[in-house]
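These notes concern the structure reproduced below.
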Amino acid sequence: MAEERRRNELEAAVLAFRDAKPEERTAMNAALTRSQASILDGLAQEAAEAAVREEDPERVRFGLAALALEGGWPDWRDTTVLLTLLHVSARKVGLDADGVFYEEARALAYEPVKERAYFSNAGAGIIRSYAGRPERLKELDVMGYEEYTGPNGFAYREVEDA
């Protein structure tokens with residue numbers, strides 16, 4: 001029950017983040033706890049999967065907003081994996097994935113607080129940086145993931161022996 005409430009609050013926070021001013025986004029990112037960042041990561045993966053299942057490009061944008069709020073914290077490598085799932089989903093629903101990533105990075109830009117800007121592409125910059133990666137590095141197998149059909153339909157999972 002408490003977990004569901006936190007998820008609902010964070011979903012609302014992602015929507016508010018999209019409409020916030022850059023300085024408000026900075027404050028929202030700075031206030032995140034590790035637990036909340038983990039929930040945002042889960043929301044981003046769910047959005048990637050739902051985008052394909054529901055053929056809904058807006059789910060990709062929601063997932064990108066969740067990751068912009070998370071901003072690569074506490075570990076940018078985890079965020080990169082999730083960006084891969086969203087990128088693959090964007091292509092599957094017919095979007096220009098790199099174009100959407102650049103648009104969202106620009107629309108969701110903010111300056112991370114010093115404590116969170118520990119790498120060169122913190123904040124929404126991680127989305128822009130990801131779009132500029134070589135195409136091969138945007139594939140599921142590179143991140144050790146695969147598509148599968150789970151109980152809810154289309155999903156992503158880690159490959160056991162990757």
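- Between G123 and P112, the shortest heavy-atom contact is N-CG, 3.7 Å.
- Separation of atoms CG (D78) and CG (L83) is listed at 11.0 Å; rounding is to 0.5 Å.
- At least one side-chain heavy atom of L40 sits under 4.5 Å from a side-chain heavy atom of L10.
- Using a cut-off of 4.0 Å between Lys/Arg side-chain N and Asp/Glu carboxylate O, E46 and R7 are scored as salt-bridged.
- Considering every non-hydrogen atom in both A105 and A124, the closest pair reads CB-O, 3.8 Å.
- Between E11 and R6, none of the side-chain N atoms (NZ, or NE/NH1/NH2) sits under 4.0 Å from a carboxylate O, so this pair counts as no salt bridge.
- Using a 4.5 Å heavy-atom cutoff, the side chains of Y156 and E147 are in contact.
- Of the charged side-chain nitrogens involved, none lies within less than 4.0 Å of a carboxylate oxygen, so that D75 and R34 do not count as a salt-bridged pair.
- Taking each heavy atom of A30 and V113 in turn, the nearest pair found is CB-CG1, 3.7 Å.
- Heavy-atom contacts from other residues, nucleotides or ligands closer than 6.0 Å to CD of E135 number more than 12.
- More than 12 heavy atoms of other residues, nucleotides or ligands shown are found within 6.0 angstrom of CD on E24.
- Checked by atom type and distance alone, the side chain of D141 never pairs as donor or acceptor with a backbone atom of G144 at under 3.5 Å.
- Shortest non-hydrogen contact noted between A47 and L86 is C-CD2, 4.5 Å.
- Counting only distance, with no hydrogens or angles, the side chain of R25 and the backbone of A20 share a donor-acceptor pair below 3.5 Å.
- Side-chain atoms of V88 and Y145, non-hydrogen and from C-beta on, never get closer than 4.5 Å to each other.
- Side-chain contact between L140 and E146: absent, with no pair of heavy atoms (C-beta onward) separated by less than 4.5 Å.
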Checklist entry - Could you go step by step and tell me if E54 and V93 meet the side-chain contact (heavy atoms from CB on, under 4.5 Å) rule? => result CA-CA 9 Å; E54 300 165 12; V93 297; over 6 Å; no
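- Within the 6.0 Å centre-distance limit, the rings of F17 and Y110 are counted as a close aromatic pair.
- The CZ atom of R128 sits 13.5 Å away from the CZ atom of F101 when rounded to the nearest 0.5 Å.
- Side-chain atoms of E4 and E9, non-hydrogen and from C-beta on, never get closer than 4.5 Å to each other.
- Between the side chain of E139 and the backbone N or O of R136 there is no donor-acceptor pair closer than 3.5 Å.
- A31 and Q36 make their closest contact through O-OE1, 3.7 Å (heavy atoms, listed as atom of the first residue, atom of the second, distance).
- Checking each of T80, D98, T84 against K138 for a side chain to side chain donor-acceptor pair (under 3.5 Å) leaves exactly one that passes, namely D98.
- A side-chain donor-acceptor contact under 3.5 Å links T79 and E70.
- Under a hydrophobic clustering in which Ile, Leu, Val, Met, Phe, Trp and Tyr are joined whenever their side-chain heavy atoms come within less than 4.5 Å, directly or via other members, L64 and L95 fall into the same cluster.
- In plain terms, the two heavy atoms of R59 and A50 that are nearest each other are NE-CB, 3.6 Å.
- With contacts defined as side-chain heavy-atom distances shorter than 4.5 Å, the pair L82/L85 qualifies.
- Side-chain contact between Y130 and H87 is present, with at least one heavy-atom pair separated by less than 4.5 Å.
- With hydrogens and angles disregarded, a donor-acceptor distance shorter than 3.5 Å links the side chain of R53 to the backbone of F154.
- Here S89 contributes atom OG and Q45 contributes atom CD; the two are 9.5 Å apart, rounded to the nearest 0.5 Å.
- V81 is not connected to L137 by any chain of hydrophobic side-chain contacts under 4.5 Å among Ile, Leu, Val, Met, Phe, Trp and Tyr, and they are in different clusters.
- Checking side-chain atoms of N29 against main-chain N and O of L69 turns up a donor-acceptor pair under 3.5 Å.
- Note that CG of D56 and CZ of F62 are 11.5 Å apart. Values are rounded to the nearest 0.5 Å.
- The shortest distance between side-chain heavy atoms of R61 and E104 falls below 4.5 Å.
- Following chains of ILVMFWY side-chain contacts shorter than 4.5 Å, one cannot reach V142 starting from W76, and the two form parts of different hydrophobic clusters.
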